[in-house]
*Asks:* 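Sending over a structure as structure tokens; questions will come in a sec.
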Amino acid sequence: MSSSIKVVVTGAAGQIAYSLIPRLINGRTFGDKKVDLALVEIPQVVDKLKGLVMELEDSYFPHMGKVTYTDDFSDAAKDADWFLLVGSIPRGIIYKGKKIEERSDLLSINGGIFVEQGKAIGQYGKDNAKILVVGNPANTNAFIGKNAADKESQLWMAMTMLDSNRAKSIISKKTNVNISEVKNMIIWGNHSPTMYPDSENVLINGELGSSVINDINWVESEFIPTVQQRGKAVIEARGASSATSAAKAAIDTVMACENPTDASDAFSAAIASDGSYGVPEGIICGYPLVTLSDGSIEIKRDLALSDFAKSKFQTSIDELLAEKDAVKHLMK
Ligand code: NAD
Ligand code: LMR
């Protein structure tokens, strides 16, 4: 085995984690590295992780390194390379007598978790740690965590890969191509019902979506709302929020960061804006990203946005700014 890597997973006894954690040690996600896992849960359920560790041991994973579990996030964070922050409350459940319906409901409940976790990541995580926030509202949770960590060399991301994968599936059906031929599928803005899935810059068999999909009606009244509302549709159909697809998307994000991106492609994740595409600096915004051969991750800056795209994107930027305002009491 070439080397080892330490990965922290929060919400480790939850639904997403059950599908996610085995894939982290399958010898594909991190290639030929040995993977040490630090699994984190709240005190009420942390002991259940004993059972998960037993199952991992029973599964024959040659790339599995040391596996620990704890309710002490700071302890887990020590020298970690990757943080997959899944732990938080999903929509669709009853919390303190109220049905949690929208991401905004989650803001006040989940936001606080990310102050303490952010501080610990800044203090104990590796200087070049990568952090993927999955727990909702993912962009603003990442914004809170990044602010608390206060370490520019660490890369904070919020997950929009699931939205991108959903959009690829819809476009592959619409255009009758294999999903592997749908590339550069970018989600701009917030992981929320305001997100803008970009059907113009997507590449379908190497051709721009703007020339392949000549159906603005379909884009506006079917494609965009279906992607925006897919999380809710799954909750309604399944009685629980997406889990296996979310886990797959987290793995896809890790792999996209760990391997150079093909020249014509880009992947979707939200990172802190540096002002690219006119987005106010600092908010965690869904962008087209590329991983370079030296391992650094950058915003792809040369995509053209039509007036239609700009106006959709702006709605999501405005929502992110409103969320930023709503959590200003959690900022340093
Ligand atoms: P779940 O309820 O099955 O599991 C969440 C787990 O997090 C629970 O076991 C809970 O005990 C744990 N947890 C809560 N607070 C914690 C803390 N402070 N530290 C450690 N663990 C903590 O939920 P799930 O289905 O696994 O979903 C998790 C989150 O992911 C939800 O917020 C959901 O909305 C979100 N999600 C995001 C996306 C995305 O695309 N970004 C997709 C699907 C789900
Ligand atoms: C999803 O997109 O499936 C998740 O963010 C869950 C949700 O609340 O929509």
Side-chain angles (χ1 to χ4, degrees), residues 8-21 38-49 51-52 69-77 83-95 99-121 131-142 144-145 157-167 187 189-195 197 226-253 268-270 284 286:
V8 174
V9 184
T10 66
Q15 287 202 89
I16 294 175
Y18 195 66
S19 186
L20 170 70
I21 290 168
L39 310 178
V40 185
E41 258 298 345
I42 52 173
Q44 297 90 312
V45 294
V46 69
D47 287 340
K48 285 194 181 170
L49 292 176
L52 177 60
Y69 62 92
T70 180
D71 58 9
D72 181 345
F73 184 83
S74 297
D75 191 42
F83 291 85
L84 302 176
L85 303 183
V86 183
S88 52
I89 284 165
R91 286 197 291 175
I93 64 160
I94 310 283
Y95 181 78
K99 179 132 192 240
I100 306 300
E101 302 273 19
E102 280 305 327
R103 282 175 180 74
S104 54
D105 292 329
L106 295 173
L107 206 54
S108 52
I109 305 170
N110 287 335
I113 296 174
F114 291 84
V115 176
E116 291 314 311
Q117 292 186 351
K119 274 190 210 158
I121 290 170
I131 302 105
L132 178 66
V133 177
V134 175
N136 280 317
N139 298 51
T140 298
N141 288 340
I144 295 166
M157 293 174 276
M159 191 163 91
T160 55
M161 184 67 87
L162 177 54
D163 312 301
S164 171
N165 287 346
R166 289 165 171 165
I187 306 295
N190 202 1
H191 171 67
S192 84
T194 66
M195 75 180 85
T226 304
V227 179
Q228 290 174 330
Q229 294 294 339
R230 186 68 163 185
K232 189 171 188 200
V234 172
I235 289 171
E236 279 165 9
R238 213 173 87 81
S241 116
S242 320
T244 193
S245 55
K248 168 67 165 54
I251 296 292
D252 288 347
T253 311
S268 270
I284 305 281

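Whatever order the structure lists them in is the order used to number ligands and atoms, beginning at 1. Throughout, numbering of the chain's residues begins at 1 and tracks the sequence.
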*Asks:* What do you reckon, does Ala13 have a nitrogen or oxygen under 3.5 Å from a nitrogen or oxygen of ligand 1?
*Replies:*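 For ligand 1, there is no N or O atom that lies under 3.5 Å from one belonging to Ala13.
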*Asks:* Under a heavy-atom criterion of less than 4.0 Å, does Leu106 contact ligand 2?
*Replies:*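 No.
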*Asks:* Of the backbone atoms (N, CA, C, O) and the side-chain heavy atoms from C-beta on, which set of Ser88 has a member under 4.0 Å from an atom of ligand 1: side chain, backbone, both, or neither?
*Replies:*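 It is both backbone and side chain that touch ligand 1.
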*Asks:* Within the structure, does Ala243 bring an N/O atom to less than 3.5 angstrom of an N/O atom in ligand 1?
*Replies:*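 No: no nitrogen or oxygen of Ala243 is under 3.5 Å from one in ligand 1.
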*Asks:* Please could you name the atoms of ligand 1 that Gly14 approaches to less than 4.0 Å, counting only its heavy atoms?
*Replies:*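 Taking each heavy atom of Gly14 in turn, ligand 1 has 3 (O), 4 (O), 9 (O) under 4.0 Å.
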*Asks:* Say you draw a straight line from CG of Asn136 to OG of Ser241; how long is it, rounded to the nearest 0.5 Å?
*Replies:*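 One gets 7.5 Å once the value is rounded to the nearest 0.5 Å.
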*Asks:* Supply the atom-to-atom distance Ile121 CD1 to Phe73 CZ, rounded to the nearest 0.5 angstrom.
*Replies:*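 So the gap between those two atoms works out to 4.0 Å.
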*Asks:* Looking only at N/O atoms, are Ser242 and ligand 2 under 3.5 Å apart anywhere?
*Replies:*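 Ser242 vs ligand 2: N/O contact under 3.5 Å present.
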*Asks:* For the OH atom of Tyr69 and the CG atom of Leu39, what is their distance to the nearest 0.5 Å?
*Replies:*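 One finds 10.0 Å between OH of Tyr69 and CG of Leu39.
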*Asks:* Please check whether Asn136 reaches ligand 1 - meaning an N/O of the residue sits under 3.5 Å from an N/O of the ligand, judged on distance alone.
*Replies:*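 Yes, since at least one N or O of Asn136 sits under 3.5 Å from an N or O of ligand 1.
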*Asks:* For ligand 1, does Gln117 get within less than 4.0 Å through its side chain, its backbone, both, or neither, judged by non-hydrogen atoms?
*Replies:*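 Side chain only.
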*Asks:* If you measure from each non-hydrogen atom of Val134 to ligand 1, which part falls under 4.0 Å: side chain, backbone, both or neither?
*Replies:*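 Both parts.
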*Asks:* Short N/O distance, under 3.5 Å, between Asn110 and ligand 1?
*Replies:*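 Not met; the criterion fails.
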*Asks:* Under 3.5 Å, is there a donor on one side chain and an acceptor on the other for Arg166 and Ser242?
*Replies:*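 Per modelled atom types, Arg166 and Ser242 side chains form a pair under 3.5 Å.
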*Asks:* At the 4.0 Å heavy-atom cut-off, does Arg166 count as touching ligand 2?
*Replies:*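 Yes, Arg166 has heavy atoms under 4.0 Å from ligand 2.
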*Asks:* If you measure every N or O of Thr10 against every N or O of ligand 1, does any of those distances drop under 3.5 Å?
*Replies:*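 So ligand 1 has no N or O lying under 3.5 Å from an N or O of Thr10.
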*Asks:* Would you mind telling me which of Leu132, Leu84, Thr160 makes a side-chain contact (heavy atoms from CB on, under 4.5 Å) with Thr253?
*Replies:*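 When Leu132, Leu84, Thr160 are each tested with Thr253, the side-chain contact (heavy atoms from CB on, under 4.5 Å) holds only for Leu132.
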*Asks:* Specify side chain, backbone, both or neither for Leu106, according to which of its non-hydrogen atoms lie closer than 4.0 Å to ligand 1.
*Replies:*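 Near ligand 1, Leu106 shows nothing, with every heavy atom at 4.0 Å or more.
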*Asks:* Numbering the atoms of ligand 1 from 1, which are under 4.0 Å from a heavy atom of Leu162?
*Replies:*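 Once the distances to Leu162 are compared, the set is 40 (O), 42 (C).
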*Asks:* Within the 3.5 Å criterion, strictly below it, is a donor on Asp252 or Asn165 matched to an acceptor on the partner's side chain?
*Replies:*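 A pair is found: one side chain offers a donor N or O, the other an acceptor, under 3.5 Å apart.
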*Asks:* I want to know if ligand 1 touches Gly11 in the polar sense, i.e. an N/O pair below 3.5 angstrom.
*Replies:*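 In this structure, Gly11 places an N or O atom under 3.5 Å from an N or O of ligand 1.
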*Asks:* Which value, rounded to the nearest 0.5 Å, describes the distance between His191 atom NE2 and Met159 atom CE?
*Replies:*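 Result: 6.5 Å between the selected atoms.
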*Asks:* Applying a heavy-atom cut-off of 4.0 Å, say which part of Ile16 lies close to ligand 1: side chain, backbone, both or neither.
*Replies:*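 Near ligand 1, Ile16 shows its backbone as well as its side chain.
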*Asks:* So for Asn136, does at least one of its heavy atoms come nearer than 4.0 angstrom to any atom of ligand 2?
*Replies:*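 Within the 4.0 Å threshold, so yes.
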*Asks:* Looking only at heavy atoms, is any part of His191 under 4.0 Å from ligand 1, and if so is it the side chain, the backbone, or both, or is it neither?
*Replies:*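 Only the side chain of His191 comes within reach of ligand 1.
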*Asks:* With backbone taken as N, CA, C and O and side chain as the heavy atoms from C-beta onward, which portion of His191 lies under 4.0 Å from ligand 2: side chain, backbone, both, or neither?
*Replies:*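 It is the side chain that gets close, since no backbone atom is under 4.0 Å.
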